[in-house]
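A quick write-up on the structure given underneath.
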Amino acid sequence: MAKRPTRGGQRGEEEFISLQDAAALVGKTQSNISYLVQYNRLKRYDSSGREVERAAAGGLRVSRSELLGYVDGWNRRLRSRLEELKIGDTPIAFLDVPERERTKHVHRLHPYLGKFIPQLVGYFLARHFRPGQVVLDPFAGSGTTLVEACEAGLHSVGVDVSEFNVMISRVKLAEYDAEALERELTDAAGRTAAFSAERFPGRSGEGLGDGRGGYLEAWFAPRSLAEMLYYRSIIPEYEHQDLMKVLLSRTARSCRLVHHYDLATPREPVREPYECYKHRGKTCTPVTTVVPRLRSYSRDTVRRVAEFGRLRKPVASVVLEGDSRTVALEERLGSTGSLRGRRLDGIFTSPPYLGQIDYHEQHGYAYELYGMQRRDSLEIGRRSRGKGENAKAEYSKAMAESLWNVSRGMRAGSPVLLVANDRLGLYPGIFNEAGMKVERMFERPVEDRTERDKRPYSETVFLARVEG
Ligand SMILES: C[S@@+](CC[C@H](N)C(=O)[O-])C[C@H]1O[C@@H](n2cnc3c(N)ncnc32)[C@H](O)[C@@H]1O
């Protein structure tokens, strides 16, 4: 509905620009800009500069000056918080790297709380490794180190205790025929939409359900769940099965019955409209269908894997499921072929921090959806163990064992780069126990990008060397 009539596409000096131009102007992604519009940070205009509640498809505009004002204010707040931390704005903070670069190509195939920014990995790999060498990440998570290594022409090995995390990494690192992939994903999403239309005619699929049943019934609206289960049931008919599982999981994550502002760590399902903190007090309702997201994430996935396909180098990337304290690297690599008999040249990693994240729990919906085996008890430093004295001692011992175990076959002097928020000062002792010597520490401010807590904090990049 039009609110304020204006003449032409400009009001005085004001310019109204498309979401694509807005993204290019401030170094964000188009979805970042839609997010700002959706959450009322920016007003909606049509192409003639009229403020509107809705614009025709493709006709949505934002005001250039409002956008620049918003971004300036955001940057000012961030800088002042960084000053409070009393850490200089060092180059390895990468604060000026635009969002679309931080989340480039396959790095955003699936959300993952606790991943590091690819530019940080690229910076240190370029300074401490040569193309053709082999880098190890013993806490590979969603595979950031391995993806960056592949782009830089380094072979890589990743280890992670979580089956789902290993699947995300393997899917990112696999090679694809983008056209064949697009055909499959379009077909599967189309079939799911047809299934849904037939099963839920008219408005019959709009309910939020009563939550009775198991985990999935509790966290998803009945229509969303039926669509997800249908999609899951047709995956075996396609070639790109793991990628489809990751895509469905990404869709499921964003379609759970949760508050919009609490996707990372929701505590309980939301079954009623609620006052939304992100929408500045607007009343929001959780989604009841996954089809629109399934379609948009399908397109996004094809675009991302095609982009990475153009940048990757022909190197070996091996992802192993295992506990870093005990994984027999030499044996496991001996059996995979591509890196058989190769010595590892060093480590780049970001270990789990003490008492911060439950890595299996954050993807609980995926474990439920695919019946994967959880190994929570093997997670080092997990949140549910807390940060008390016992947890601290256990953490230090586990980290020292891991670093010692995975570096056994490395030459003396091999670099070990480890990114940690070591407020408790545990790492010098951990390196010592693991037979490594700290050579240098780089302090970097970090802008926390989780949904609720936007406060920046600092972390250390340790450069240690394996001792002889
Ligand atoms: C900070 S995250 C790594 C994130 C990664 N750098 C990325 O960008 O995606 C730490 C990872 O350590 C894994 N982990 C925890 N305990 C482990 C263990 N005992 N052995 C191997 N991996 C473990 C967790 O599953 C988690 O994925």
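Computed from heavy atoms alone, side chains included, the values below leave out hydrogens, waters and symmetry copies. Residue numbers start at 1 and run along the sequence shown. We count ligands from 1, going down the list as the structure has it; atoms in each ligand are counted the same way.
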Once you round to the nearest 0.5 Å, how far does CZ of R232 lie from CG of L369?
->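 If we round to the nearest 0.5 Å, R232:CZ and L369:CG are 5.5 Å apart.
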
Just wondering, more than 12 heavy atoms not from K313 lying within 6.0 Å of its NZ?
->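 Buried by this count: over 12 neighbours within 6.0 Å.
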
Crowded around E330 CD? As in, over 12 foreign heavy atoms under 6.0 Å?
->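 Counting neighbours around CD of E330, 12 or fewer heavy atoms of other residues, nucleotides or ligands fall under 6.0 Å, so no.
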
Heavy-atom distances under 4.0 Å decide this one: backbone, side chain, both or neither, for [X] against ligand 1?
X: H360; answer: neither
X: L378; answer: backbone
X: Y353; answer: neither
X: P351; answer: backbone
X: N165; answer: side chain

Quick one: which ligand 1 atoms are inside 4.0 Å of a heavy atom on [X]?
X: G322; result: 20 (N), 21 (C)
X: K115; result: 7 (C), 8 (O), 9 (O)
X: D323; result: 18 (C), 19 (N), 20 (N)
X: T144; result: 7 (C), 8 (O), 9 (O)
X: S350; result: 1 (C), 2 (S), 3 (C), 6 (N), 10 (C)
X: E379; result: 16 (N)
X: P138; result: 21 (C), 22 (N)
X: G114; result: 1 (C), 4 (C)

Does the side chain of [X] pick up a donor-acceptor pair with the side chain of [Y] at under 3.5 Å?
X: Y112; Y: H110; result: no
X: Y367; Y: E163; result: no
X: H360; Y: E379; result: yes

Hey, are the side chains of [X] and [Y] touching, using non-hydrogen atoms and a 4.5 Å cut-off?
X: S249; Y: F164; result: yes
X: L339; Y: L344; result: no
X: T349; Y: T145; result: no

Evaluating non-hydrogen atoms only, which member of V161, N405, V419, I168 is closest to atom 17 (C) of ligand 1?
->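 Heavy atom nearest to atom 17 (C) of ligand 1 belongs to V161.
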
Closest protein heavy atom (residue, atom, distance) for [atom]:
atom: atom 1 (C) of ligand 1; value: Y359 OH, 3.1 Å
atom: atom 26 (C) of ligand 1; value: Y112 OH, 3.1 Å
atom: atom 25 (O) of ligand 1; value: D160 OD1, 2.8 Å
atom: atom 16 (N) of ligand 1; value: I380 N, 3.0 Å
atom: atom 20 (N) of ligand 1; value: S324 N, 3.0 Å

Are [X] and ligand 1 in contact, using a heavy-atom cut-off of under 4.0 Å?
X: A140; result: yes
X: S169; result: no
X: A398; result: no

Carboxylate-amine/guanidinium contact E467 K437, below 4.0 Å =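 No, this pair does not count.
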
Does the pair R303/E307 count as a salt bridge with the N-to-O cut at 4.0 Å?
->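 Judged by the 4.0 Å cut-off on N to carboxylate O distance, R303 and E307 do form a salt bridge.
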
So is there a nitrogen or oxygen of F139 less than 3.5 Å from a nitrogen or oxygen in ligand 1?
->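 By distance alone, the answer is no.
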
Checking R383 side chain against I357 main chain: does a donor-acceptor pair fall under 3.5 Å?
->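 No; judged by distance alone, with no hydrogens or angles, the pair does not exist.
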
Any idea which heavy atoms bring D300 and R108 closest together, and the distance?
->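 Between these two residues, the closest heavy atoms are OD2-O, 4.3 Å.
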
Minimum heavy-atom separation for F220 to R271, with atom names?
->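 Shortest heavy-atom separation between F220 and R271 comes out as O-NH2, 4.4 Å.
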
